[in-house]
Number of protein chains: 2
Amino acid sequence: MPRARPQEPAPAFERPLTTVDLVIFGLAGDSLSVLLVRRGDGPGEPFPGLWALPGGFIDVERDRDLEACAMRKLKEKTGVASPYLEQLGSWGDGRRDPRGWSATHVYFALMPIDGVTLRAGANAVDARWFSVAGNGAQKKLAFDHQRILDAAVARLRGKADYTSLPAHLLPKEFTLTELQRAYEAVIGRPLEKSAFRTRVLAADVVEPTSRVRGGSNRPARLYRLKSGKDIVYFPRNFEPRKSDGRSER
Amino acid sequence: MPRARPQEPAPAFERPLTTVDLVIFGLAGDSLSVLLVRRGDGPGEPFPGLWALPGGFIDVERDRDLEACAMRKLKEKTGVASPYLEQLGSWGDGRRDPRGWSATHVYFALMPIDGVTLRAGANAVDARWFSVAGNGAQKKLAFDHQRILDAAVARLRGKADYTSLPAHLLPKEFTLTELQRAYEAVIGRPLEKSAFRTRVLAADVVEPTSRVRGGSNRPARLYRLKSGKDIVYFPRNFEPRKSDGRSER
DNA sequence: TTAATAGTGTCTATAAGACATTATATG
DNA sequence: CATATAATGTCTTATAGACACTATTAA
């Protein structure tokens with residue numbers, strides 16, 4: 001189907017630089033964390049030495065579509081082949097990259113940290129998990145990646161209120177308490193145990209395995225995500241914003 | 001801050017074509033409608049004569065950022081300067097445009113149809129509102145615009161379940177019954193009057209005006225959106241999916 | 001037995017669904 | 001008065017929050 005090139009006003013316009021970036025979330029201990037890579041400091045490299053979201057240019061020869069490009073970069077950095085991946089949005093303007101007008105298509109991924117073997121990529125001389133503490137208070141990031149990260153955190157927090165998304169931060173098998181801790185790490189506030197368990201079990205999103213995790217106390221049942229349940233929507237939010245201002249989520 | 005051009009592997013990659021497209025929703029009578037434009041049939045024009053979402057190439061000289069580009073195109077087609085506008089997502093691959101690997105950044109807008117004066121744009125020889133009936137069953141659209149439209153309708157329907165978005169389909173002043181009809185047009189199912197009114201009024205999203213709309217019956221109070229309330233989130237969905245499968249929204 | 005965490009039950013509050021009832025305009 | 005639509009009230013149901021209580025393991 002692809003025909004020639006030269007046609008219509010298309011080529012008459014200067015083409016923006018086009019990249020795909022990733023916001024990769026994991027749980028480090030009890031805190032929500034994001035994978036950042038350090039920018040190289042070769043000649044002409046923008047933002048040398050700063051930390052940035054992993055990503056890079058689309059390779060129109062190799063990348064079938066935007067999502068395939070995101071998957072490729074994800075695999076390169078983490079070795080993980082099939083995490084939860086969702087498009088976050090795109091950012092483009094004339095100032096975010098000193099090399100010219102550029103637009104980036106951003107995806108966000110959720111994965112268990114323990115399944116990851118970090119790999120320094122082409123441009124990255126280092127890669128590390130950084131805690132996403134109180135949302136802000138990060139170090140200075142390259143490009144406009146801080147605002148993209150903020151948007152990603154906001155999206156994840158918002159969806160944690162009414163979906164099963166945080167489950168993808170855990171390994172394949174987990175206890176309900178571990179799942180609750182994952183939610184709490186994302187939402188940033190303790191949840192009520194009984195309500196949490198009722199909600200999760202009623203949503204038919206997890207299924208019990210035959211195994212338990214023991215300690216010096218009553219062992220906890222291990223659960224896994226039901227297959228095909230990448231994302232399940234709950235009928236209500238946690239904590240319906242009380243008093244007056246219920247607005248602005 | 002923008003410096004020179006030639007640096008880093010950036011220019012070593014072929015740059016995809018980059019466009020911005022719009023899904024513009026309005027209410028025609030009682031049915032949710034979308035604004036489409038007809039593709040020109042000049043030499044080299046892809047999909048000549050087919051209907052398409054309004055949009056086009058980014059002009060890196062004029063467009064400060066992606067949203068400004070969307071606003072510019074919106075203004076060109078409809079004359080409307082400040083509708084509700086939100087980014088929908090981006091689509092990019094090597095097959096959607098015969099002129100080469102292309103990516104489009106898509107925004108969706110909500111506006112009252114009566115405020116619109118349609119203007120045929122540069123590439124468009126015609127522009128018209130089309131009813132978004134049962135979701136599918138459209139005519140064949142140019143590019144991959146059918147799947148983009150489907151995604152936009154899904155997003156709008158989803159958000160109508162728990163936000164105030166459909167209010168932007170109405171003129172500045174409206175009755176609560178008209179607002180309910182707007183929701184019903186979007187969601188595609190009748191809502192219960194009492195519950196609807198309680199929800200809307202409790203959400204503090206509209207305020208009464210001093211005016212009413214009369215007929216040969218009890219006149220209805222006119223309301224307007226409270227300023228600053230572009231989008232308000234309700235604490236629950238309509239119709240929590242009943243029986244078993246509550247999942248997959 | 002104690003300590004610790006897993007898991008359940010009870011009660012209340014909130015908001016939606018269903019549906020009936022009252023209110024207010026025109027003719 | 002009749003008619004039509006606006007607006008409100010009542011009753012039930014589903015689920016979240018708070019918090020108490022029971023269950024099961026190791027040591």
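Since we're looking at a predicted model, the values are computed, not measured.
Separating the CG atom of A:Leu201 from the P atom of C:dA6 is a distance of 14 Å, rounded to the nearest angstrom. Rounded to whole angstrom, the span from the CD atom of A:Glu178 across to the C1' atom of C:dT5 amounts to 12 Å. Between the CG atom of B:Leu222 and the P atom of D:dA6 there is a distance of 11 Å, rounded to whole Å. Atom C1' of nucleotide D:dA20 and atom CD of A:Glu192 are separated by 11 Å, given to the nearest angstrom. Computed from coordinates, the A:Gln180 CD to C:dT5 C1' distance equals 12 Å when rounded to whole Å. Per the geometry, CG belonging to B:Leu176 stands 16 Å off P belonging to D:dT5, to the nearest Å. Counting to the nearest Å, the P atom of D:dA16 and the CZ atom of B:Phe234 are 19 Å from each other. Residue B:Lys193 contributes atom NZ, which lies 15 Å from atom P of C:dG17 at whole-angstrom precision.
Closest to the side chain of B:Pro219, out of C:dG7, D:dA7, C:dA25, is C:dA25. For A:Ser194, the side-chain atoms get nearest to C:dG9 when compared with the rest of D:dA4, C:dG9, D:dA14. Distance from the side chain of B:Ala195 is smallest for C:dG17 among the nucleotides D:dA7, C:dG17, C:dT8. Between D:dA23, D:dA18, C:dT24, one nucleotide has an atom nearer to the side chain of A:Arg218 than all others, and that is D:dA23. Nearest nucleotide to the A:Phe238 side chain, out of D:dG17, C:dA6, D:dT5: D:dG17. With distances taken from any side-chain atom of A:Ser216 to the nucleotides D:dG17, D:dA26, D:dA14, the minimum falls on D:dA26. Between C:dG17, D:dA6, D:dT15, one nucleotide has an atom nearer to the side chain of B:Arg197 than all others, and that is D:dA6.
Just one of B:Leu22, B:Val37, B:Ile148, B:Ile24 meets the side-chain contact (heavy atoms from CB on, under 4.5 Å) condition when paired with B:Leu53; it is B:Ile148.
Counting any heavy atom pair closer than 4.0 Å across all strands shown, A:Gly214 reaches no nucleic acid atom. In this structure, B:Arg199 reaches the sugar-phosphate backbone alone: every heavy-atom distance under 4.0 Å involves primed, P, OP1 or OP2 atoms, never a base.
With the nearest nucleotide of DNA chain C identified for both A:Tyr223 and B:Leu191, A:Tyr223 has the one nearer the 5' end. Residues A:Phe196 and B:Asn217 both approach DNA chain D. Their nearest nucleotides, taken by heavy-atom distance, put B:Asn217 toward the 5′ side.
Remark: B:Arg213 does not engage B:Glu173 in a salt bridge, criterion side-chain N to carboxylate O under 4.0 Å. Using a 4.0 Å cut-off between charged nitrogen and carboxylate oxygen, A:Lys73 and A:Glu76 do not count as a salt-bridge pair. Between A:Asp144 and A:Arg147, at least one side-chain nitrogen of the basic residue sits less than 4.0 Å from a carboxylate oxygen of the acidic one, meeting the salt-bridge criterion.
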Ring pair (Phe, Tyr, Trp, His ring centres under 6.0 Å) between B:Tyr183 and B:Phe196, worked out: CA-CA 10 Å; B:Tyr183 270 85; B:Phe196 179 80; 5.2 Å; yes
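Phosphate contact (OP1/OP2 of D:dA6, side-chain N/O of B:Thr177, threshold under 4.0 Å): present.
The closest donor-acceptor contact from the side chain of A:Asp93 to the backbone of A:Arg96 lies under 3.5 Å.
Side-chain atoms of A:Arg236 and base atoms of D:dA16 include no donor and acceptor less than 3.5 Å apart.
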